[in-house]
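This one's a predicted model, so the numbers in the text were calculated from it and none came from an experiment.
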Amino acid sequence: MSQKTATAIAHPNIAFIKYWGNRHQALRIPANGSISMNLGALFTRTQVTFDESLAADQLSINEAPATGAAHHRVSDFLAWVRHISAIEEFARVESENNFPMGTGIASSASAFAALSLAASRAAGLGLDEKDLSRLARRGSGSACRSVPGGFAEWQVGTGDDNSYAYSIAAPEHWDLIDCVAIVDQDHKTTTSIEGHAIADTSPLQAMRIEQVPSYLARCREAILQRDFEAFAQITEHDCLIMHAVMMTSSPSLIYWLPPTLAIIRAVRDWRKSGIPACYTIDAGPNVHVISEESYLNKVKSLLEDIPGVHQVMISGPGGAAHLTD
Ligand code: PMV
């Protein structure tokens with residue numbers, strides 16, 4: 001009986017210039033490029049075993065069998081891996097996260113980056129970083145940015161061949177920290193898949209897409225120069241413009257809760273008083289407050305004092321997706 005197995009680890013990432021909307025829905029060719037940082041303290045570890053004795057793909061997440069939409073999505077992804085590697089066996093996928101799901105940290109990015117590496121290796125494919133990032137993109141757009149290490153840019157590209165992410169700076173380049181303020185732990189919301197699909201219904205999306213190349217240039221430069229003030233200005237602006245698109249889509253997507261806005265206002269005051277801190281928010285109400293490592297304790301305790309903040313999770317920059325054996 002033949003078994004082909006591999007285990008991989010990948011980190012989630014937080015985008016400073018956001019991906020919102022697709023030019024090609026199924027291939028996840030994005031409407032715009034994006035820039036992110038991997039979160040080194042958080043990870044997904046995934047083992048994939050192609051096994052000829054299986055009659056269907058099997059998935060477990062944190063040791064519990066997964067069915068329904070999650071299973072479907074992983075099985076569709078594995079069908080593509082089987083197609084490009086010309087193998088036929090079904091796979092057993094065992095995945096675990098060291099961070100709680102439902103905290104607004106997108107587990108799909110680390111999940112599909114780890115799955116891409118483990119599944120492609122188990123299937124006998126030796127993909128380079130670019131092709132691995134292209135593969136991860138098919139599972140979840142933002143997953144392509146969790147393949148390279150540190151600070152990554154996803155070049156929008158024109159199609160499947162050239163839409164992928166690469167590192168623009170190593171994790172050691174800048175000791176930024178992400179303090180994730182959890183304001184809602186049990187959030188039932190519109191998923192990013194549904195959100196991308198209606199982005200074009202906002203009259204603001206076309207204008208945003210036209211502007212993003214200049215945002216990318218400003219953010220990239222600020223990261224390379226470690227210029228916190230320039231970084232903060234473009235990161236917050238990009239977050240607000242994406243949420244303006246979300247709010248003006250049909251149907252309207254309003255992800256914020258009252259504590260979300262309270263944190264936005266507080267962070268603005270902290271920065272005025274000299275603390276390097278800025279905010280960014282994904283498709284949910286929780287706020288990622290980005291600062292520098294020497295301000296970690298200060299920013300964490302300020303956040304914990306804001307009513308409605310349940311928990312603050314901390315991470316610095318993380319490395320690339322990698323095999324564990
Ligand atoms: O990769 P997805 O489909 O989960 O989309 C991610 C969307 C945002 O988190 C809102 C922005 C981003 O670039 O990560």
Side-chain angles (χ1 to χ4, degrees), residues 12-23 25 28 30-32 34-36 39 69 99-109 140-142 145 178-212 215 219 232-271 277-290 302-313:
N13 66 74
I14 177 65
F16 303 137
I17 304 298
K18 309 287 193 187
Y19 147 54
W20 197 245
N22 286 320
R23 272 188 295 146
Q25 205 68 16
R28 295 196 165 83
N32 61 276
S34 50
I35 290 180
S36 62
L39 301 177
F99 55 99
M101 289 164 86
T103 52
I105 316 251
S107 57
S108 65
S140 170
S142 55
R145 297 188 310 240
D178 183 2
C179 304
V180 194
I182 313 293
V183 303
D184 187 10
Q185 275 156 321
D186 182 29
H187 200 69
K188 302 278 174 290
T189 187
T190 308
T191 64
S192 55
I193 294 181
E194 294 161 332
H196 293 302
I198 61 165
D200 280 337
T201 64
S202 165
L204 302 181
Q205 173 74 342
M207 181 271 297
R208 188 184 77 89
I209 298 309
E210 210 181 291
Q211 304 229 329
V212 168
Y215 301 171
C219 185
Q233 283 181 19
I234 191 58
T235 295
E236 291 183 352
H237 179 75
D238 180 81
C239 163
L240 293 177
I241 207 158
M242 178 186 72
H243 280 271
V245 167
M246 291 164 159
M247 289 176 190
T248 50
S249 304
S250 299
S252 166
L253 303 176
I254 301 182
Y255 286 107
W256 298 358
L257 293 172
T260 312
L261 193 53
I263 298 168
I264 288 176
R265 297 180 73 101
V267 168
R268 203 166 52 178
D269 291 344
W270 301 342
R271 196 152 84 252
C278 68
Y279 60 83
T280 186
I281 305 157
D282 283 340
N286 299 317
V287 186
H288 295 251
V289 178
I290 313 298
L302 283 169
L303 279 171
E304 283 167 347
D305 283 347
I306 296 178
V309 173
H310 300 305
Q311 191 195 341
V312 180
M313 289 173 60

Could you give the distance from NE2 (His288) to OG1 (Thr280), rounded to the nearest 0.5 Å?
-> 7.5 Å

Answer with yes or no whether the side chains of Asn22 and His196 bring together a donor and an acceptor at under 3.5 Å.
-> no

Non-hydrogen side-chain atoms of Ile290 and Phe16 separated by less than 4.5 Å | yes

Can you tell me how far CD1 of Ile264 sits from NE2 of His243, rounded to the nearest 0.5 angstrom?
-> 8.0 Å

Shortest non-hydrogen contact between Pro259 and Val183, atoms and distance = CB-CG1, 3.8 Å

Do the side chain of Asp184 and the main chain of Asn286 share a donor and acceptor less than 3.5 angstrom apart?
-> no

Just by modelled atom types, is the Ala232 backbone N or O under 3.5 Å from a matching donor or acceptor in the His237 side chain?
-> no

Kindly indicate whether the side chain of Met207, heavy atoms from C-beta on, has any atom under 4.5 Å from the side chain of Ile241.
-> yes

Applying side chain to side chain contact (heavy atoms under 4.5 Å, CB included), run through Ile198 and Thr190 and close with a yes or a no.
-> CA-CA 11 Å; Ile198 61 165; Thr190 308; 5.7 Å; no

So, for Ala277 and Val289, which heavy atoms are closest and what is the spacing to 0.1 Å?
-> CB-CG1, 4.2 Å

Worked verdict on Val267 versus Leu302 for side chain to side chain contact (heavy atoms under 4.5 Å, CB included) | CA-CA 9 Å; Val267 168; Leu302 283 169; over 6 Å; no

May I have all residue pairs that pass side chain to side chain donor-acceptor pair (under 3.5 Å) and include part of residues 198-209, sequence neighbours excluded?
-> Asn32-Arg208, Ser202-Thr248, Gln205-Arg208

All heavy atoms of Ile263 vs all of Ala181, minimum pair found to be CD1-CB, 3.7 Å

Which is it for Val287 and Trp256 under the side chain to side chain contact (heavy atoms under 4.5 Å, CB included) test, yes or no, and what are the steps along the way?
-> CA-CA 9 Å; Val287 186; Trp256 298 358; over 6 Å; no

What are the two closest heavy atoms between Met242 and Ile281, and how far apart are they?
-> CE-O, 3.5 Å

Begin with the C-alpha distance, continue with both residues' side-chain angles, and end with the deciding distance and a verdict on side chain to side chain contact (heavy atoms under 4.5 Å, CB included) for Arg28 and Ile193.
-> CA-CA 10 Å; Arg28 295 196 165 83; Ile193 294 181; 3.5 Å; yes

Can you list every salt bridge (charged side-chain N to carboxylate O under 4.0 Å, His left out) pair that touches residues 244-270, not counting sequence neighbours?
-> none

Say you draw a straight line from CG of Leu253 to CE of Met247; how long is it, rounded to the nearest 0.5 Å?
-> 10.0 Å

Report the residues that fulfil side-chain contact (heavy atoms from CB on, under 4.5 Å) with Ser36, sequence neighbours left out, ordered by chain and then residue number.
-> Asn13, Ala15, Arg145, Ala152

Side-chain (Arg23) to main-chain (Pro30) donor-acceptor, under 3.5 angstrom | yes

Minimum-distance pair of heavy atoms, taken over all atoms of Ile306 and Ala262 | CG2-CB, 4.3 Å

Looking only at heavy atoms, which two atoms of Trp20 and Val245 are closest? And how far apart?
-> CD1-CG1, 3.9 Å

